[in-house]
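See structure below.
The model shown is predicted, which means the values in this text are computed figures rather than measured ones.
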Amino acid sequence: MQLSGKRALVTGSTGGIGLAIARALASEGADVALNGFGSPEEIRRIESELSGLRGNRAKHFAADLATSAAVTDLVHDVEGAWGGIEILVNNAGIQHVSPIESFPAERWDAVLAVNLSAAFHTVRAALPGMRARRWGRIINIASVHGLVGSVHKAAYVAAKHGLIGLTKVIALETAREPITCNAICPGWVDTPLVRSQIDARALASGQPGVVETDAMISEKMPSGTFVTPEQLAALVVFLCGDAASQIRGAALPVDGAWTAQ
């Protein structure tokens with residue numbers, strides 16, 4: 001249990017990639033502050049599951065990540081309840097797909113707020129405590145779209161490129177300290193966000209979902225297979241370990257060779 005005694009906040013962690021990350025951190029002994037949507041029953045079930053893995057704590061903290069004050073309050077609430085945060089994983093994200101000329105301004109603002117600004121606000125609030133305790137790991141779940149572009153994803157691509165830039169600045173500002181900051185850049189992961197894009201493609205083309213799934217993956221990822229949430233979670237755990245202490249400011253693609261082309 002290499003993370004026993006560490007306290008982690010994972011945004012967007014009631015499902016998908018975030019839940020896999022929370023589960024992996026809990027399995028290594030960390031206390032995990034959960035954040036995200038879900039029914040009260042489902043959230044209680046997740047809290048119970050993760051609390052039972054290694055005798056650690058798991059608790060859900062609600063927050064609207066679209067507002068700066070709520071994001072700052074989230075960090076302060078976790079620190080107030082548990083005494084600190086050593087591991088911060090900015091995972092929460094939303095998507096909207098549309099050509100630029102018809103991209104709703106309010107959706108642009110929402111995507112930038114959740115996918116980029118929220119990470120700035122969590123880091124801004126959590127970094128003083130990490131410095132005081134002389135240890136920290138900040139991991140931003142970016143995207144392959146932080147490294148390359150795609151049509152109809154102006155806000156998402158802009159936000160994820162910005163998140164990688166933010167990661168580099170944080171890494172430089174903490175370079176002389178036992179605090180690291182890195183970004184993980186997944187390709188296609190089988191999550192509800194990606195499934196919604198597949199459903200939209202199937203609706204537009206009239207093809208079955210399985211056909212559109214294969215087509216979407218094959219268009220971008222030479223490996224021809226989804227990245228799994230568990231693979232990303234394992235990388236997060238590695239980045240929290242001593243072996244990764246000199247990996248700083250990296251944007252690590254987990255993309256089935258998407259960006260190798």
Side-chain angles (χ1 to χ4, degrees), residues 11-21 23-24 36-38 89-116 119 139-165 167 182-236 250-261:
T11 65
S13 52
T14 51
I17 294 169
L19 179 55
I21 291 169
R23 187 177 285 120
F37 300 114
V89 183
N90 287 304
N91 168 74
I94 60 174
Q95 173 69 286
H96 185 80
V97 179
S98 174
I100 288 175
E101 66 271 21
S102 58
F103 207 105
E106 65 273 14
R107 297 310 300 161
W108 169 275
D109 292 343
V111 171
L112 268 289
V114 174
N115 293 18
L116 177 57
I139 301 166
N140 297 321
I141 307 302
S143 167
V144 67
H145 283 113
L147 303 170
V148 298
S150 287
V151 298
H152 301 166
K153 298 181 179 180
Y156 191 81
V157 170
K160 294 301 187 179
H161 271 71
L163 188 57
I164 290 175
T167 298
N182 293 287
I184 297 174
C185 301
W188 295 129
V189 186
D190 193 359
T191 63
L193 188 147
V194 170
R195 282 290 167 187
S196 68
Q197 296 177 61
I198 294 170
D199 292 343
R201 287 174 60 120
L203 182 64
S205 69
Q207 294 291 325
V210 65
V211 173
E212 287 298 341
T213 298
D214 291 340
M216 192 174 82
I217 295 174
S218 298
E219 285 170 8
K220 300 290 189 179
M221 293 177 64
S223 68
T225 59
F226 278 121
V227 179
T228 70
E230 290 72 25
Q231 289 166 339
L232 300 173
L235 181 53
V236 168
L252 302 167
V254 186
D255 65 1
W258 184 329
T259 53
Q261 301 175 96

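Inter-residue side-chain proximity for V194 and I198 is flagged as met; some heavy-atom pair is nearer than 4.5 Å. By the 4.5 Å heavy-atom criterion applied to side chains, L235 and V254 are counted as neighbours. Between H152 and P99 the shortest side-chain heavy-atom distance falls below 4.5 Å.
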| Check against ring-ring contact (aromatic ring centres under 6.0 Å, His included), H96 and F103 | CA-CA 8 Å; H96 185 80; F103 207 105; 5.1 Å; yes
| From CA spacing to verdict: side chain to side chain contact (heavy atoms under 4.5 Å, CB included), V148, V144 | CA-CA 6 Å; V148 298; V144 67; 4.1 Å; yes
| request: Tell me, with the steps shown, if K160 and N115 meet side chain to side chain contact (heavy atoms under 4.5 Å, CB included). | output: CA-CA 7 Å; K160 294 301 187 179; N115 293 18; 4.1 Å; yes
| query | After noting the C-alpha distance and the side-chain angles of I139 and I184, does the key distance pass the side chain to side chain contact (heavy atoms under 4.5 Å, CB included) rule? | reply | CA-CA 7 Å; I139 301 166; I184 297 174; 3.9 Å; yes
| Steps toward side chain to side chain contact (heavy atoms under 4.5 Å, CB included) verdict (M221, V227) | CA-CA 10 Å; M221 293 177 64; V227 179; 3.9 Å; yes
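Remark: of the listed residues I141, V189, N91, V189 is the sole one forming a side chain to side chain contact (heavy atoms under 4.5 Å, CB included) with L232.
Residues satisfying the salt bridge (charged side-chain N to carboxylate O under 4.0 Å, His left out) criterion with R201, sequence neighbours excluded, are E212, E219. Remark: F226 engages no residue in a ring pair (Phe, Tyr, Trp, His ring centres under 6.0 Å) (not counting sequence neighbours). For the ring pair (Phe, Tyr, Trp, His ring centres under 6.0 Å) test, residues two or more places apart in sequence or in another chain that qualify with W188 are W258.
Taking every heavy atom of both residues into account, C185 and A142 meet most closely at SG-CB, 4.1 Å. Taking every heavy atom of both residues into account, P222 and G256 meet most closely at CD-O, 3.1 Å. Scanning both residues, K220 and S150, for their nearest heavy atoms gives NZ-OG, 3.7 Å. A pairwise comparison of heavy atoms in A154 and I100 identifies CB-CG1, 3.9 Å as the closest pair. Across every non-hydrogen atom of L147 and I164, the tightest pair is CD2-CD1, 3.7 Å. Shortest non-hydrogen contact noted between T259 and P253 is OG1-CB, 3.9 Å.
Side-chain contact, N140 with T167: a donor N or O sits under 3.5 Å from an acceptor N or O.
With rounding to the nearest 0.5 Å, the separation of CD in Q207 from CG in D214 is 11.5 Å. Interatomic distance, D255 CG to H145 NE2, rounded to the nearest 0.5 Å: 10.5 Å.
At distances below 3.5 Å, at least one donor-acceptor pair connects side-chain atoms of T14 with backbone N or O atoms of F37.
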